[in-house]
Trainee: 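Take this structure first; my questions come after.
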Protein chains: 2
Amino acid sequence: MTAADVFAHPASRLSLEVFRLNGALIAVGDALVAPLGLTSARWQVMGAVAEARGRLPVAGIARNMGLVRQSVQRIADELEAEGILHFVANPHHRRARLVQLTERGAALFDAASASWLALADTLVAALGAGEVDRAVALLRAARESLQPPDREEEAS
Amino acid sequence: MTAADVFAHPASRLSLEVFRLNGALIAVGDALVAPLGLTSARWQVMGAVAEARGRLPVAGIARNMGLVRQSVQRIADELEAEGILHFVANPHHRRARLVQLTERGAALFDAASASWLALADTLVAALGAGEVDRAVALLRAARESLQPPDREEEAS
DNA sequence: GTCATATTGACCACGCGCTGTCAATATGTC
DNA sequence: GACATATTGACAGCGCGTGGTCAATATGAC
């Protein structure tokens with residue numbers, strides 16, 4: 001296979017489609033939560049905080065999201081300034097305070113979730129739940145195949 | 001369905017997996033072309049220029065990539081400064097010069113393509129070509145379902 | 001306790017995408 | 001030709017992700 005065929009390779013087409021869908025999802029997410037004064041990235045951080053049930057510090061949230069600490073830290077600081085989340089003392093670690101949604105943050109996240117679930121339902125209805133699950137499994141397998149199995153190294 | 005189930009929704013899991021794979025692909029791409037002095041984004045622009053066979057200006061390349069003009073323009077300017085591509089007169093439009101790879105640019109792109117194809121082959125071998133095609137079709141259907149069918153509006 | 005190591009938060013710089021705006025150029029209508 | 005409209009390139013600003021570095025704090029080996 002020569003370089004000229006690079007565009008036709010199944011892996012190339014998968015990659016390009018992942019890039020496009022990634023962009024489309026962020027655009028849809030931004031539009032969805034803009035009325036709430038949020039962005040796609042802030043919404044995602046709020047989701048990770050909600051999922052952790054307030055039992056993780058910023059670094060733990062970042063690990064769950066597959067991002068580096070610094071990215072989440074900046075957004076978390078902004079969300080704290082807006083009263084959407086707050087940091088509480090961590091009995092196990094003096095510096096690594098736990099991140100929790102405030103009442104206002106939880107209400108915002110619930111509102112965002114409601115909007116998203118409406119769209120998510122129509123999306124799955126159009127695509128078929130079984131096909132979606134199958135694609136999720138393949139995407140995960142692709143990612144695990146790309147990521148050298150264990151890599152938790154610190155950026156520094 | 002309540003907001004608490006938002007994480008379990010098939011569309012949510014698909015979205016998160018797309019985000020993760022998108023990040024993994026960019027990371028792999030960066031690592032792949034770093035020895036050539038490239039980045040994932042520059043490599044992608046070079047690919048779009050190669051695919052257009054030097055018959056499109058920056059705005060056309062951007063449309064093909066699903067990005068806005070300005071993003072591609074900045075990278076194209078940098079690639080021109082490094083002698084990887086150059087702008088040639090467009091007989092049909094005085095301002096919109098056509099973008100073409102230089103000899104050096106074409107050689108770099110061939111080298112990057114060779115590296116990628118080796119990885120792409122192992123990836124498809126591990127996942128199964130049929131499954132990959134099936135996933136590509138679903139991702140495209142998901143994107144088309146998310147994007148209001150015709151939207152070419154200019155940012156301004 | 002002492003030590004090396006790992007983790008965390010803090011700051012800074014940068015890459016890459018977006019939007020907004022402007023002038024220059026093409027295009028279509030009259 | 002005159003005009004409105006669309007397209008393109010240029011420039012500026014911002015959001016979000018990354019990496020690098022530092023000090024503070026936990027953890028484990030001895």
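These numbers come from the heavy atoms of this one structure, side chains and all, not from hydrogens, waters or symmetry mates. Bear in mind the structure is a predicted one, so any value in this text is a computation, not a measurement. Below, chain A is the first sequence line, B the second, and so on; all start at residue 1.
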Trainee: Calculate, to the nearest 0.5 Å, the distance between atoms CG and OG belonging to Leu119(B) and Ser15(A) respectively.
Mentor: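 Reported to 0.5 Å precision, the distance equals 8.5 Å.
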Trainee: Which residues pass the salt bridge (Lys or Arg N to Asp or Glu O under 4.0 Å) test with Arg134(B), not counting sequence neighbours?
Mentor: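 Checked Arg134(B) against salt bridge (Lys or Arg N to Asp or Glu O under 4.0 Å); matches are Glu131(A).
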Trainee: Out of dG17(D), dA10(D), dT8(C), which has the shortest distance to the side chain of Arg69(A)?
Mentor: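 In terms of side-chain proximity for Arg69(A), the closest of dG17(D), dA10(D), dT8(C) is dT8(C).
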Trainee: Shorter than 3.5 Å, N or O on both sides, protein versus nucleotides 24-26 of chain C: list them out with atom names.
Mentor:
| residue | atom | partner | partner atom | Å |
| --- | --- | --- | --- | --- |
| dA24(C) | N3 | Arg95(B) | NH1 | 3.1 |
| dA26(C) | OP1 | Arg94(B) | N | 2.3 |

Trainee: Just the atom pairs and distances: protein N or O near nucleotides 1-5 of chain D's N or O, under 3.5 Å.
Mentor:
none

Trainee: How does protein reach along nucleotides 11-16 of chain D, written 5' to 3' as B (base within reach of a heavy atom under 4.0 Å), S (only sugar-phosphate), or - (no contact)?
Mentor: B----B
Trainee: Please work out which of the three classes, parallel, tilted or perpendicular, describes the rings of Trp116(A) and Trp43(A), given edges at 30° and 60°.
Mentor: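 The rings of Trp43(A) and Trp116(A) stand perpendicular, inter-plane angle above 60°.
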Trainee: Please tabulate, for side-chain N and O atoms in residues 23-37 of chain B, each donor-acceptor pair with protein atoms closer than 3.5 Å (sequence neighbours left out).
Mentor:
| residue | atom | partner | partner atom | Å |
| --- | --- | --- | --- | --- |
| Asp30(B) | OD1 | Ser40(B) | N | 2.7 |

Trainee: Looking at every non-hydrogen atom in both residues, tell me the closest pair between Arg42(B) and Glu78(B) and how far apart they are.
Mentor: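 Heavy atoms of Arg42(B) and Glu78(B) come nearest at NH2-OE1, 2.7 Å.
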Trainee: Which heavy atom in Arg69(B) sits nearest to a heavy atom in Val58(B), and how many Å separate them?
Mentor: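 Looking at all heavy atoms of both residues, the shortest contact is O-CG1, 3.9 Å.
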Trainee: Closest nucleotide of DNA chain D for Gly66(A) versus for Val99(B): which of these residues is on the 5' side?
Mentor: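 Here Val99(B) is the residue nearer the 5' end.
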Trainee: In residues 48-58 of chain B, which ones come under 4.0 Å of DNA chain D, going by heavy atoms?
Mentor: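 The answer is Pro57(B), Val58(B).
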